[in-house]
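These notes concern the structure reproduced below.
Naming convention: chains lettered A, B, ... in sequence-line order (proteins, then strands); numbering from 1 in each chain.
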Amino acid sequence: MYWADELAAAVSGRQVVNDSKSPSGTVHVGSLRGVVLHDAIYRALRQAGVEASFLYGVDDMDAMDSQAKLTPDAVDRYMGAPLSRVPAPEGSNAANYARHFVGEIFFRTFEPLGIKPEFYWVSELYAAGRMDPYVKLALDRADQVRAIYLRVSHVERNSSWLPIQVICEQCGKIGTTLATDWDGDTVAYKCLPAMVAWARGCEHEGRVSPLGGRAKLPWNLEWAAKWGLLGVTIEGCGKDLATSGGSRDRSDAISREVFEVEPPRNVAYEFLNVGGKKMSTSKGKGAAAHTIAEVLPPEQLRFLFLRPRPSQVIEFDPEGDTIPRLFDEFDRIAAATAGREVKGELPADHERLFAYSLLGPSPDVAAAAAAFRPAFAHLAMLLQIPGVDIAERMEAEKGAPLSERETAILDERTASARAWLESYAPERARLVVRRDALPAEVADLDAGQRAYLAALAAAAADGRPSSGDAWQTLIFGVAGECELAAGRAFGALYASFLGRPNGPRAGWLLASLEPAFVVERLRAAGAFAAA
RNA sequence: GGGCCGGUAGCUCAAUGGUAGAGCAGCAGACUCUUAAUCUGCUUGUUGCGGGUUCGAGCCCCGCCCGGCUCACCA
């Protein structure tokens, strides 16, 4: 059974699926795995007839800790401030930094993927006082919290440490304050210059009530508090958090022992690596989510994440054959789902995998599976030949007019293929007509091929073929006269014009070039034979 | 040191207890109109190593070896 269906079959009663994201970090493709995974779980629950909701929280009470995202004059003032209180970058009309960053950059990728969770903002939960019961419990039971840190993670906290982060009343920063004394109504705090390396506190001291949005819980407690407050029953997390003795274990223990709520079912998921290494935005080129999304249409992006089980690493190197092969594999699963015979082994419940890769809560799986899809690499090649009518060619390959759905798929793939050719496509996928000089590969042609090129030059000068069809006829005709096998004739043409052993349908290629250049090049390549 | 994942054909990977198989690469062949297409044929395996469970193990259990990521500060 497909893994998401297995999960759906294992639960009972109403389910709340939750996922969350801090808007401070950079968003790369790997970040999308969790979103897609939670969406698939949500859909699996609904299809299994389970009442379910899908929440997505933005952790915008977290401290701003990335200088790169701020203008230099804003660094002093806003580093360490809650993201919900940092102004949006210039030019944005978002209410604050968190809303700008997540709203403009991250969520923009949700909609196209057909993912529509109910969004909520953690700063609003605090401001509305909804987190207050958990804040009080955490402070009342601070000794218990410290004991859990020590037992679960071997992290020793000072006996005066409190699980609360106060927003400094003077400078507005949350990352620089240290709270010490909880009297049941207020905590004492100091805003320290050297609390963290990346932000400077203002040295203000005071007492303040931690309720109503004036303070936040530390990460592990906040996570557990959200579970309790929102009644979360299923929430997966990346393996960095899921590791034994790690963040998830701490939050689970806090949820059970401090807040007395059973934590949600976990689905630990692996990362997406590029070239065997963890995805890094500084190293990997074009690893940002929106960059990959230009090359991979939503359905293929979902497919990439949904094909392996969550516990498996995804090795994704956008260079090389990875992307064409992803399309090919998607097409194979589509064909199998449509009931056509395919080669090779199929994953367990491939038709479920296919359905979850489609967009929307209840896609027409049969219609989508049966649709005609042009092979990606083939399409990419056709796009590089001037004068080719792609739609016409596709109808010819399908053998019937394209449906509306198929035209949409074609348009989508055309855009992807263009983006791929500009970004990740290997050299061998790129066609360049060698206009400047005769390619070196011509030297490898044999006498028969050279004679053929010379003969074709003469025939072309004479017959002046103009259309792709006319050229194609001539190419075959002259090959017959020269008693040269068609494959060798084409090979000679590709070597002469592209410096490659193969290429696109030659007649169309030659028809797209100026006749004088073509004849001249054929003569030159043929003459090279005599030399 | 702890956790997770992986090790299967030359390469990339599939196969969730039931005959190990796809793509690419390679070799041989077909084709006068898709030459990165299509079709036909060929072939390659100590499934990392050792034990165990089972009628049956690539898959489950135990112990190793190798590789990758991750955690032990913060979120």
Side-chain angles (χ1 to χ4, degrees), chain A residues 1-3 6 20-25 30 59 61-63 65-66 83 149 152-155 165 174-175 195-198 216-223 238-250 268-273 275-279 307-315 317 320-322 324-325 328-329 332 342-350 374-382 384 388 393-394 396-397 399 428-429 431 468-480 485-491 493-494 500-509:
Chain A
M1 202 190 287
Y2 186 68
W3 62 264
E6 259 172 21
S20 56
K21 169 79 188 156
S22 170
S24 67
D59 296 332
M61 276 287 270
D62 292 4
D65 61 358
S66 167
L83 289 158
Y149 271 68
V152 176
S153 300
H154 308 289
V155 172
Q165 293 170 348
I174 196 169
M195 175 82 175
V196 290
W198 40 270
K216 86 182 276 289
L217 293 166
W219 159 250
N220 287 284
L221 290 102
E222 184 173 283
W223 201 6
K239 68 109 166 279
D240 53 334
L241 303 177
T243 191
S244 154
S247 229
R248 180 64 178 234
D249 279 355
R250 271 191 314 268
Y269 53 87
E270 262 284 356
F271 290 162
L272 180 144
N273 293 339
K277 300 289 175 196
K278 187 199 172 175
M279 182 132 255
R307 179 178 42 169
R309 322 202 88 204
S311 62
Q312 272 174 320
V313 184
I314 298 175
E315 296 290 348
D317 183 351
D321 287 334
T322 307
R325 282 171 58 180
D328 291 346
E329 180 65 4
R332 193 175 75 98
V342 297
K343 290 187 172 179
E345 299 287 334
L346 291 163
D349 286 74
H350 60 272
F376 185 81
H378 183 52
L379 180 63
M381 182 198 65
L382 291 176
Q384 296 176 83
V388 173
R393 286 294 302 273
M394 287 306 137
E397 289 185 20
R428 66 175 185 282
L431 296 178
D469 273 339
W471 265 111
Q472 199 79 355
T473 304
L474 194 65
I475 289 165
F476 275 100
V478 175
R488 298 173 57 73
F490 280 101
L493 290 174
Y494 297 127
R500 301 156 39 106
N502 48 39
R505 198 179 177 193
W508 292 84
L509 177 66

- Item | Exercise: identify the closest heavy-atom pair between A:Ala268 and A:Ala242 | CB-CB, 3.6 Å
- Query: Within the structure shown, what part of the strands sits under 4.0 Å from A:Thr473 by heavy-atom distance: base, sugar-phosphate, or nothing?
  - Reply: base
- Task: Considering only atom P, compute the distance from B:C5 to B:C59 and round it to an integer number of Å.
- Result: 15 Å
- Query: Distance between the P atoms of B:G21 and B:U46, in whole angstroms?
  - Reply: 15 Å
- Between B:U12 atom P and A:Arg307 atom CZ, what is the distance in whole Å? 16 Å
- Message: Taking B:G56 as the reference, what is the distance to B:G41 when you measure between their P atoms (whole Å, please)?
- Response: 36 Å
- Query: Which pair of non-hydrogen atoms, one from A:Trp198 and one from A:Ala63, has the smallest distance, and what is that distance?
  - Reply: CH2-CB, 3.8 Å
- Note on the structure: The answer to which of A:Phe490 and A:Ser247 contacts RNA chain B further toward the 5' end, by nearest nucleotide, is A:Phe490
- Query: What nucleic acid atoms does A:Ser244 come within less than 4.0 Å of, heavy atoms only: base, sugar-phosphate, or nothing?
  - Reply: sugar-phosphate
- Note on the structure: Here the gap from A:Arg248 atom CZ to A:Asp240 atom CG, rounded to the nearest 0.5 Å, amounts to 12.0 Å
- Rounding to the closest angstrom, what is the interatomic distance between B:A22 and B:C39 at atom P? 14 Å
- Query: Within the structure shown, what part of the strands sits under 4.0 Å from A:Leu382 by heavy-atom distance: base, sugar-phosphate, or nothing?
  - Reply: nothing
- Any donor-acceptor pair under 3.5 Å from A:Gln472 side chain to A:Gly507 backbone: yes
- Distance between C1' atoms of B:G45 and B:G58 (Å, rounded): 12 Å
- Between A:Gly245 and A:Asp249, which heavy-atom pair has the shortest distance, and what is it? N-OD2, 2.7 Å
- Using a 3.5 Å limit on both pairing distances, list the dot-bracket string of RNA chain B from the 5' end; Watson-Crick and G-U wobble pairs count, crossing pairs take [ ], interstrand pairs take |. (((((((..((((....[..)))).(((((.......))))).....(((((..]....))))))))))))....
- Query: In whole Å, what is the span from the CE atom of A:Met394 to the C1' atom of B:A37?
  - Reply: 11 Å
- Item | Given B:C5, B:G68, B:C33, the nucleotide with the shortest approach to the side chain of A:Ser311 | B:C5
- If you measure from the C1' atom in B:U54 to the same atom in B:G18, how many Å do you get, rounded? 12 Å
- Taken to the nearest whole Å, CH2/A:Trp219 to P/B:C71 is 13 Å
- Item | Rounded distance in Å - CD (A:Glu270) to C1' (B:U70) | 8 Å
- Task: Spell out protein contact along nucleotides 15-24 of chain B as letters: B when the base is contacted, S when just the sugar-phosphate is, - when no protein heavy atom is under 4.0 Å; keep the 5' to 3' order.
- Result: SB-----SS-
- Message: How long is the straight-line distance from CD of A:Glu270 back to NZ of A:Lys239, given to the nearest 0.5 Å?
- Response: 3.0 Å
- Query: Would you say the side chain of A:Met394 lies within less than 4.5 Å of the side chain of A:Leu382, judging by non-hydrogen atoms?
  - Reply: yes
- Item | CG on A:Leu509 to OH on A:Tyr494, rounded to 0.5 Å | 7.5 Å
- Using atom CZ of A:Arg250 as one end and atom C1' of B:A72 as the other, report the distance to the nearest whole Å. 9 Å
- Message: Please give the distance between the C1' atoms of B:U16 and B:U8 as a whole number of Å.
- Response: 16 Å
- Message: For the OG atom of A:Ser247 and the CH2 atom of A:Trp219, what is their distance to the nearest 0.5 Å?
- Response: 6.0 Å
- A:His350 NE2 to A:Arg332 CZ distance, which is reported to the nearest 0.5 Å: 9.0 Å
- Query: In terms of side-chain heavy atoms of A:Asp62, which of B:G3, B:U35, B:A75 is nearest?
  - Reply: B:A75
- Note on the structure: RNA chain B nearest-nucleotide lookup for A:Trp198 and A:Arg393: closer to the 5′ end is A:Arg393
- Task: Identify the two heavy atoms, one from A:Arg250 and one from A:Ser153, that lie closest to each other, and give their separation to 0.1 Å.
- Result: NH1-OG, 2.7 Å
- Task: Name the nucleic acid region contacted by A:Val155, choosing base, sugar-phosphate or nothing; use a 4.0 angstrom heavy-atom cut-off, strictly under.
- Result: sugar-phosphate
- A:Glu315 atom CD is separated from B:C5 atom P, nearest whole Å, by 15 Å
- Message: Measuring only the C1' atom in each nucleotide, how far is B:G3 from B:A9? A whole number of Å is fine.
- Response: 33 Å
- Whole-Å distance separating the CD atom of A:Gln384 from the P atom of B:U35: 14 Å
- Could one point to a donor on the side chain of A:Lys239 or the base of B:C5 with an acceptor on the other under 3.5 Å away? no
- Query: Checking all strands, does A:Gln165 fall into the base, sugar-phosphate, or nothing category for heavy-atom contacts under 4.0 angstrom?
  - Reply: sugar-phosphate
- Message: Rounded to whole Å, how long is the line connecting atom CG of A:Leu509 with atom C1' of B:C33?
- Response: 15 Å
